[in-house]
Q: 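Dropping a structure here in structure tokens format, bear with me for questions.
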Amino acid sequence: MTTAPARTDLYPTRGPQELTTPRRDPVVWSPPGTPGPIETSGLTAFERDGFLTVDQLIGEDEVAVYRAELDRLVNDPEIRADERSIIEPTSQDVRSVFEVHKLSELFEALVRDERVVGRARQILGSDVYVHQSRINVKPGFGASGFYWHSDFETWHAEDGLPNMRTVSVSIALTENLDTNGGLMIMPGSHRTFLGCAGETPKDNYKKSLQMQDAGTPSDEALTAFADEHGIRLFTGRAGSATWFDCNCMHGSGDNITPYPRSNVFIVFNSVENAAVEPFAAPVPRPEFIGARDFTPVR
């Protein structure tokens with residue numbers, strides 16, 4: 001009788017205590033000089049900081065089209081009732097809608113737009129598939145934020161992504177001010193993996209999509225990260241975009257201003273980094289959150 005060899009977990013997490021692990025993967029996977037929409041200086045900055053900003057990825061006319069589509073999805077009663085819609089626990093407003101590239105032909109086309117997927121291929125050095133897509137809605141007067149976290153910690157623990165070969169892009173569909181709950185990232189934090197303490201509860205995604213609990217760093221660890229790396233707040237007009245590495249420590253505050261902040265969020269994973277069984281959860285999360293279809297974006 002033979003037994004299957006034990007798989008290697010490069011990034012242990014959800015154990016009895018918090019622990020840090022140096023990054024064991026490249027940040028930019030394509031060889032130097034690989035052609036693509038990102039210039040060499042941009043790739044160098046991404047390697048160093050873990051993020052890349054584009055001041056105007058899509059034009060004002062395109063922003064208007066995608067904003068209208070976002071409004072249509074958020075206000076569709078059938079979509080609101082679908083499990084892919086996440087509702088604010090206090091206001092009962094729609095907070096996020098997942099798998100928007102499957103719900104909307106417009107967002108599907110945006111995923112395939114070379115301005116978007118081309119940068120993902122260049123960073124990850126391979127064909128890519130959509131691990132997750134969603135629209136985030138942060139209306140004014142009290143929409144809640146997203147607490148500090150590394151996406152990879154969750155995607156590794158609960159979705160089974162083995163390596164840090166995943167990149168996200170957030171495309172602003174409203175102006176990102178310094179007051180309306182914008183994205184904050186700790187530059188350089190992508191080079192250290194923070195394994196969080198505590199087991200993953202059953203069906204954790206049902207709670208974590210509204211308010212993060214499992215996979216949340218301690219105050220002490222966040223203070224140490226912030227002291228070492230600092231915090232960058234991202235602002236920009238509608239149509240701007242930020243690509244960021246899967247292991248960046250990031251979050252956003254509540255929006256108590258009158259001015260909404262909405263964006264479309266797309267996660268590209270390398271086809272060479274397909275999800276396996278979760279590393280720290282009993283079962284994978286549903287496919288609308290962590291895809292099991294690894295078909296390359298064409």
Q: Let's go through Ser30 and Val28 carefully: what are the C-alpha distance in whole Å and the side-chain angles of both, what is the deciding distance for side chain to side chain contact (heavy atoms under 4.5 Å, CB included) to 0.1 Å, and is it a yes or a no?
A: CA-CA 6 Å; Ser30 58; Val28 175; 3.8 Å; yes
Q: Return the orientation label for the Tyr66 and Phe107 ring planes: parallel under 30°, perpendicular over 60°, tilted otherwise.
A: parallel
Q: Using only atom types and a distance under 3.5 Å, with no angle test, would you say the side chain of Lys138 pairs donor to acceptor with the backbone of Asn263?
A: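 Judged by distance alone, no pair lies under 3.5 Å.
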Q: What's in the same ILVMFWY side-chain cluster as Phe279, cut-off under 4.5 Å, chained through other members?
A: Val276
Q: Do Phe234 and Asn176 have side chains that get closer than 4.5 Å, going by heavy atoms?
A: no
Q: Tell me, yes or no, whether the heavy-atom count around Glu199 atom CD, taken from other residues, nucleotides or ligands under 6.0 Å, exceeds 12.
A: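 Open: at most 12 neighbouring heavy atoms sit under 6.0 Å from CD of Glu199.
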Q: Under the criterion side-chain hydrogen bond (donor to acceptor under 3.5 Å, both in side chains), I'd like the reasoning laid out for Thr13 against Glu153: C-alpha separation, chi angles, the key distance, then a yes or no.
A: CA-CA 7 Å; Thr13 188; Glu153 194 280 336; 2.7 Å; yes
Q: Working note: Phe244 + Leu183, criterion side chain to side chain contact (heavy atoms under 4.5 Å, CB included); need CA distance, chi angles, decisive distance, verdict.
A: CA-CA 11 Å; Phe244 58 100; Leu183 174 68; 4.2 Å; yes
Q: Is Ile256 atom CD1 crowded by more than 12 heavy atoms from other residues, nucleotides or ligands, each under 6.0 Å away?
A: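 Check fails, neighbour count at 12 or below.
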Q: Within the 4.5 Å heavy-atom criterion, are Phe51 and Arg232 side-chain neighbours or not?
A: yes
Q: Heavy atoms, side chains only, cut-off 4.5 Å: are Asn180 and Pro260 in contact?
A: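 Asn180 does not reach Pro260 side chain to side chain.
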Q: Minimum heavy-atom separation for Glu114 to Arg121, with atom names?
A: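 Taking Glu114 first and Arg121 second, the nearest heavy atoms are OE1-NH1, 3.2 Å.
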Q: Do Thr20 and Thr192 have a side chain donor and acceptor closer than 3.5 Å?
A: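 The answer is no; no qualifying pair exists.
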Q: So, does Ser85 use its side chain to make a donor-acceptor pair with the main chain of Ile79 at under 3.5 Å?
A: yes
Q: Is the charged tip of Arg134 near the ring of Phe265: under 6.0 Å from the six-membered ring centre and within 45° of its axis?
A: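 Yes; both conditions hold, so Arg134 lies above the ring face of Phe265.
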Q: Does the side chain of Arg24 reach to within under 4.5 Å of the side chain of Tyr11, using non-hydrogen atoms?
A: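 The answer is yes, as the side chains (C-beta and beyond) meet within the 4.5 Å cut-off.
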Q: With heavy-atom distances below 4.5 Å as the criterion, would you say the side chains of Pro217 and Glu18 are in contact?
A: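 Yes, their side chains come closer than 4.5 Å.
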Q: Kindly determine whether Arg23 and Asn247 satisfy side chain to side chain contact (heavy atoms under 4.5 Å, CB included), including the steps that lead there.
A: CA-CA 9 Å; Arg23 186 186 184 107; Asn247 192 45; 4.1 Å; yes
Q: Quick one: does Pro12's side chain get under 4.5 Å of Thr21's, heavy atoms only?
A: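 Pro12 vs Thr21: side chains touch.
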Q: Any side-chain heavy atom of Asn136 sitting closer than 4.5 Å to one from Arg261?
A: no
Q: Within the distance-only criterion (no hydrogens, no angle test), does the side chain of Arg67 pair as donor or acceptor with the backbone N or O of Ala238 below 3.5 angstrom?
A: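 Such a contact is absent between Arg67 side chain and Ala238 backbone.
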